2 protein chains.
Amino acid sequence: MSTVAEKAGVSTKTVSNVVNGTGSYSPETEQRVRAAIEELGYHINPFARGLRSRRTDTIALVLPNLYQPFYAEFAEQVIRSPETQGLKVVLESTRGDAGRERAVLSSHRELVDGVIYVPHALGPEQYLPLPFARPTVVLGERPAEAAQLGLDYVETADEQGAHAVVGHLLAQGRRRIAVIGERPGPWAGARRLRGYRTALAEAGVDYDESLVIGVDDADLWSSGVAGATRLLRTRVRFDALFCFHDVVAVGALSVLARSGIAVPDDVALAGFDDIEAARFASPPLTTVDLGRESIARTAVALLRSRMDREDSRELPGRRESTGFDLRVRASSTTTPAPTESGVTAR
Amino acid sequence: MSTVAEKAGVSTKTVSNVVNGTGSYSPETEQRVRAAIEELGYHINPFARGLRSRRTDTIALVLPNLYQPFYAEFAEQVIRSPETQGLKVVLESTRGDAGRERAVLSSHRELVDGVIYVPHALGPEQYLPLPFARPTVVLGERPAEAAQLGLDYVETADEQGAHAVVGHLLAQGRRRIAVIGERPGPWAGARRLRGYRTALAEAGVDYDESLVIGVDDADLWSSGVAGATRLLRTRVRFDALFCFHDVVAVGALSVLARSGIAVPDDVALAGFDDIEAARFASPPLTTVDLGRESIARTAVALLRSRMDREDSRELPGRRESTGFDLRVRASSTTTPAPTESGVTAR
DNA sequence: CTGAAAGCGCTTACAG
DNA sequence: CTGAAAGCGCTTACAG
């Protein structure tokens with residue numbers, strides 16, 4: 001930088017101003033500085049900058065697992081979001097393990113400017129007491145206590161999405177709608193179950209616990225196979241199956257096929273997440289798109305607005321909600337469905 | 001650090017030594033220093049360290065796209081590899097776009113210590129002239145020119161894997177083996193095609209160009225649907241279909257199902273990559289596992305050995321090869337297959 | 001085995 | 001609108 005300053009005949013202060021767009025300088029000065037930068041192939045040293053200004057221009061994305069396509073696709077959206085431009089994204093995978101999740105969250109010190117956190121193994125009562133050293137936005141339902149802690153939330157439309165997809169199944173005339181994916185606790189599964197129950201209640205259909213199958217969240221892919229197998233073994237009658245994740249639905253689909261159960265004729269099938277594999281299943285899967293792109297943009301935008309302020313610790317936690325799209329495909333429609341219909345809600 | 005030094009009654013040099021395990025110091029000194037660190041909750045400032053030592057303890061992983069499960073699962077393996085412990089992983093997605101790929105590769109300056117690069121849009125003649133400012137390991141076949149450039153390669157067993165899977169199809173009595181996934185150029189598809197041709201030649205089966213279908217690499221998922229549709233439209237007879245990617249096979253599977261073609265009875269189907277979706281397809285997909293874990297570990301190990309040396313620029317480029325596992329599943333075996341059989345090769 | 005001190009390349013009050 | 005200079009927190013020859 002001092003070489004640039006010398007060449008341009010100014011002080012390093014001025015070079016710094018030009019590079020960062022801070023302070024003020026005459027257009028001619030800027031010209032000279034930029035020319036010198038160009039000529040010398042100068043680029044700023046991020047360590048020196050970080051040492052002084054405590055900015056890293058890096059955010060951490062804390063996810064359970066990239067083997068789950070939903071998280072992988074979400075990560076991709078975070079990386080390509082326009083809001084992310086100029087930031088590096090460090091990916092940390094917790095493998096859905098409580099210990100690792102805690103360790104990863106506690107390790108963010110001056111290494112990143114902010115954190116996007118997708119909880120999996122830890123519930124609010126476990127992660128809220130953690131020392132969040134950096135601005136953090138959490139994906140999921142915001143517990144009341146979180147407001148004063150300065151954590152921002154992106155609340156996804158799990159309940160509304162589940163409500164819509166179950167409403168769709170009911171509209172197809174299905175009444176015995178089994179679900180696979182229940183998982184007690186404060187996670188998305190619980191919200192999806194709420195949507196399911198509300199939709200049933202509105203249609204005057206009784207909630208039947210024998211239709212509700214839990215999952216082992218450690219491996220959702222095989223949970224579909226395990227869950228559907230369990231469901232069939234109970235011999236409970238059902239004419240629709242709503243899986244709380246597409247990967248579960250894909251696994252369930254293979255079990256149904258092997259058991260000679262036709263989808264959608266015998267059983268209408270629906271998933272959740274709208275991952276790529278849902279579009280290309282046979283038959284293509286009816287599902288709910290939570291809007292990975294808009295979740296990603298919202299999360300990064302929340303983070304940026306907090307990263308840029310000195311007093312960010314004092315700011316109360318905010319809450320943003322995102323919408324969903326119901327994707328009706330052949331797995332749930334006996335009458336030939338339009339190739340792809342999107343019902344948007346907000 | 002000076003506070004720690006003062007408290008322990010030593011100089012900052014000694015504290016630095018203890019923290020980094022460099023130099024030498026008496027056990028008692030170490031005790032005192034560690035106690036002081038503990039008491040003060042001290043942790044090193046990575047910017048100050050980076051400013052001096054030019055180390056970032058960060059590597060970049062340059063991938064086409066996390067929407068491709070193979071890349072997502074590979075990224076997960078890189079992140080959790082034991083070799084990666086103590087390093088941060090910055091993920092960069094090029095979206096399979098040549099311009100972005102070039103831009104991303106040129107942007108790694110002092111921000112990372114090394115780069116793992118999975119080429120997609122750029123061939124060697126395009127990326128080799130790039131100024132690799134950091135130690136870089138490339139996934140794929142090493143061109144002769146790369147040796148002196150100091151680029152390390154992990155060569156994956158694409159050709160051998162394809163050879164094995166085609167050998168398996170031939171052993172099942174299939175003779176008209178169509179392939180989807182051909183893509184001219186120096187990419188994995190070409191190596192897989194070589195394996196296919198070799199296996200055919202060894203079995204005395206003629207290579208028939210009308211059985212070879214290319215893909216639009218921009219969206220492999222839908223390439224399966226497009227490719228299978230194209231294949232059926234040509235009315236060429238085939239009794240097996242080998243797709244160069246599982247995602248292509250999943251798409252093709254849906255087309256075959258819709259066309260009333262039974263898998264494996266009418267057509268034996270095989271994919272490549274062994275992603276999760278292959279295990280849970282109906283029927284489960286015969287495929288090749290290139291060993292994401294071992295590729296990841298090898299790549300990071302190569303990088304580390306280079307990152308740690310001053311003279312790494314002078315080191316000639318190295319080459320490591322990894323093995324594969326053939327996973328025979330129901331999609332290719334008319335006689336009931338064992339639930340999962342792994343044939344390992346190296 | 002350990003210390004005193006320079007310096008990495010920035011940013012930023014302070015001064016003009 | 002711009003300059004001179006301190007200082008961020010480390011590492012590392014150099015010296016003993």
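Predicted model only: the values in this text are computed from it and were never measured.
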Euclidean distance, B:Asp152 CG relative to B:Thr136 OG1, rounded to 0.5 Å: 8.5 Å
Side chain A:Glu83, main chain A:Ala301, donor-acceptor under 3.5 Å: no
Donor-acceptor contact below 3.5 Å, side chain A:Arg292 vs main chain A:Gln77: no
A:Glu39 with A:Lys7: basic N within carboxylate O range, under 4.0 Å: yes
Between C:dG16 and C:dT12 - C1' atom distance, rounded Å: 16 Å
Intra- and inter-strand pairs of DNA chain D in dot-bracket (Watson-Crick or G-U wobble, both distances under 3.5 Å; | for another strand): |||.||||||||.|||
Distance in Å, B:Glu92 CD paired with B:Tyr117 OH, rounded so as to fall on 0.5 Å steps: 12.5 Å
Main-chain N/O of B:Val78 paired to B:Thr84 side chain as donor or acceptor, under 3.5 Å: yes
Closest-nucleotide ordering on DNA chain D, the 5'-leading residue of B:Lys13 and A:Val10: A:Val10
Donor-acceptor under 3.5 Å (A:Arg102 side chain, A:Gln126 main chain): no
Atom pair OG/CZ of B:Ser93 and A:Arg80 - distance to nearest 0.5 Å: 5.5 Å
Boundaries of the DNA chain C segment in contact with chain B, non-hydrogen, under 4.0 Å: C:dC1 to C:dG9
Any donor-acceptor pair under 3.5 Å from A:Glu30 side chain to A:Tyr25 backbone: no
Any residue of residues 15-27 of chain A with a heavy atom less than 4.0 Å from an atom of DNA chain C: A:Ser16, A:Asn20
A:Asp113 side-chain N/O to A:Thr56 backbone N/O, donor-acceptor pair under 3.5 Å: yes
Sugar-phosphate, base or nothing in reach of A:Ser2, heavy atoms under 4.0 Å: nothing
